[in-house]
Amino acid sequence: MRSAIVDDVIDVESLLAEVERDSNGATVLFIGTVRDQNNGRPVTGIEYACYGPMATRELSSICTEASERFATLDIVVEHRIGHLFVGDASVVIAVAHARRASAYEASRYIIEQIKRRLPIWKREEYTDGTREWVDPTAVAVVGPAS
Amino acid sequence: MRSAIVDDVIDVESLLAEVERDSNGATVLFIGTVRDQNNGRPVTGIEYACYGPMATRELSSICTEASERFATLDIVVEHRIGHLFVGDASVVIAVAHARRASAYEASRYIIEQIKRRLPIWKREEYTDGTREWVDPTAVAVVGPAS
Amino acid sequence: MTVTALLFASYADVLQRESIEITMPNGATVGDVIAHVRAMPGGAMLPPFPLVAVNQAYARPDVVLASGDEVAIIPPVAGG
Amino acid sequence: MTVTALLFASYADVLQRESIEITMPNGATVGDVIAHVRAMPGGAMLPPFPLVAVNQAYARPDVVLASGDEVAIIPPVAGG
């Protein structure tokens with residue numbers, strides 16, 4: 001089990017390798033990427049900022065909770081901060097488990113808790129040159145961000 | 001959207017690349033691997049056999065259903081047959097979507113339908129040299145296979 | 001008419017073959033093919049109502065067959 | 001006693017700073033720090049009950065602070 005806030009490209013292959021174990025039958029990998037639009041506005045990039053020490057602690061707590069609830073130690077999560085372009089991975093969650101149901105559920109638990117609790121903020125940059133902090137609690141035109 | 005029954009190693013990276021699209025915010029990858037035990041018996045490998053033409057058609061149907069139900073074309077699935085060792089990937093499902101909930105649900109739908117409908121069989125090989133066709137409908141000692 | 005029954009995995013093992021050409025009267029059903037195969041040596045190991053596909057699509061036992069149909073008798077699937 | 005309020009993202013923008021040293025009477029709570037910050041120029045843009053973490057753990061408004069505490073005022077999070 002490992003988690004980190006990183007400021008460089010996330011190496012998906014390496015995260016997958018970290019959760020490999022002969023007793024696992026199922027691996028679920030989640031990759032969150034920067035989309036080219038949000039609520040109908042064309043996006044060119046996102047600046048991720050965080051409350052570093054707390055984000056690191058909170059992400060570690062989320063992984064520990066998932067590990068205990070779903071009974072696997074094979075969990076690796078990295079969240080990237082700094083400037084990302086469209087298509088870049090902002091968060092990668094690798095979970096492996098003997099059984100697929102638990103692998104899916106642990107993965108989903110982790111991303112939902114990240115969305116709810118991790119002190120990370122993003123400032124979207126639009127094609128018209130403007131930029132804006134995203135407030136997921138504001139009423140959205142289309143729906144909640146992915 | 002693409003699916004195939006293959007008889008060589010599945011290239012996970014290449015499947016991930018196939019579902020990439022700027023409008024996607026979430027990618028879910030499922031990897032099913034050969035476990036080192038089943039129902040308490042130590043396993044050394046698995047021979048996968050299939051009803052080739054029907055397996056190809058059925059897997060394609062499953063992907064089309066998932067594509068329509070969850071509204072994404074970014075689905076790639078490969079199921080490997082032949083002889084696999086412990087740790088080898090037997091099935092890889094890559095799904096990308098604008099939203100994470102649909103990406104998870106489409107991925108889960110596909111693996112559950114594969115387990116239910118795909119005409120593929122596996123003969124497990126045990127450390128004592130014996131081998132046996134797996135019958136998931138038989139009463140299991142531990143539980144359903146992952 | 002003649003149909004081809006296909007056998008796989010444990011079913012192929014107990015019947016010691018992977019396909020069987022069967023001559024049936026016109027109007028024969030999937031169920032008639034199953035009955036025929038179950039009457040062969042080793043065939044009693046098959047369940048009375050196995051999963052069946054006709055020409056690569058799952059089919060019920062009362063489906064009426066045509067000459068040349070491919071009738072696959074499908075053991076419990078174990079993909080993934 | 002003195003505590004440090006931390007500001008992030010849109011909150012740092014409206015208050016034009018990322019941290020504030022605040023001298024408070026003993027017994028001051030999280031809520032008192034929020035009130036102090038909201039009375040500063042630009043501070044009215046903050047909600048009356050923002051999410052707060054004391055020393056990197058989420059805390060309710062009635063939590064009593066100690067000298068040296070780090071009080072982070074957390075805008076709506078948007079990770080992932």
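All of these numbers come straight from a predicted model, not from anything done at the bench. Convention: sequence-line order gives letters A, B, ...; per-chain numbering from 1.
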Discussion item. On a heavy-atom basis, which atom in C:Val77 and which in B:Leu118 lie closest, and how many Å separate them?
Written reply: CB-O, 3.2 Å
Worksheet entry | Which portion of C:Leu51 sits near chain B, non-hydrogen atoms under 4.5 angstrom | neither
Worksheet item: Is chain B contacted by the side chain of C:Asn55, its backbone, both, or neither, given a heavy-atom distance below 4.5 Å?
Response: backbone
Worksheet item: Is it the case that more than 12 heavy atoms not belonging to C:Met1 sit under 6.0 Å from its CE atom?
Response: yes
Fill in: Greatest number of heavy atom pairs closer than 4.5 Å to chain C - which of B:Ala49, B:Pro119, B:Cys50
B:Pro119
Fill in: Atom of B:Thr137, atom of C:Pro76 and distance for their closest heavy-atom approach
OG1-CG, 3.7 Å
Worksheet item: Looking at B:Arg117, B:Glu58, B:Arg123, which has the largest count of heavy-atom pairs under 4.5 Å with chain C?
Response: B:Arg117
Worksheet entry | Straight-line distance of C:Ile74 CD1 to B:Met54 CE, nearest 0.5 Å | 4.5 Å
Worksheet item: Can you tell me if CZ on B:Arg131 sees more than 12 non-hydrogen neighbours from other groups inside 6.0 Å?
Response: no
Worksheet item: Between B:Trp121 and C:Pro75, is there a donor-acceptor pair closer than 3.5 Å when you use the side chain of the first and the backbone of the second?
Response: yes
Worksheet entry | From B:Tyr51 atom OH to C:Glu18 atom CD, the distance as rounded to the nearest 0.5 Å | 12.5 Å
Item to complete: Mind listing the closest non-hydrogen atom pair of B:Ile111 and C:Gly80 along with its distance?
Response: CD1-CA, 4.4 Å
Worksheet item: When heavy-atom pairs shorter than 4.5 Å are enumerated against chain B, which of C:Ala72, C:Ala78, C:Ala53 gives the highest number?
Response: C:Ala78
Worksheet item: Which atoms of B:Arg116 come close to chain C, meaning under 4.5 Å heavy atom to heavy atom: side chain ones, backbone ones, both, or neither?
Response: backbone
Worksheet item: Out of curiosity, C:Tyr11 OH to B:Trp133 CH2, how far, rounded to the nearest 0.5 Å?
Response: 12.5 Å
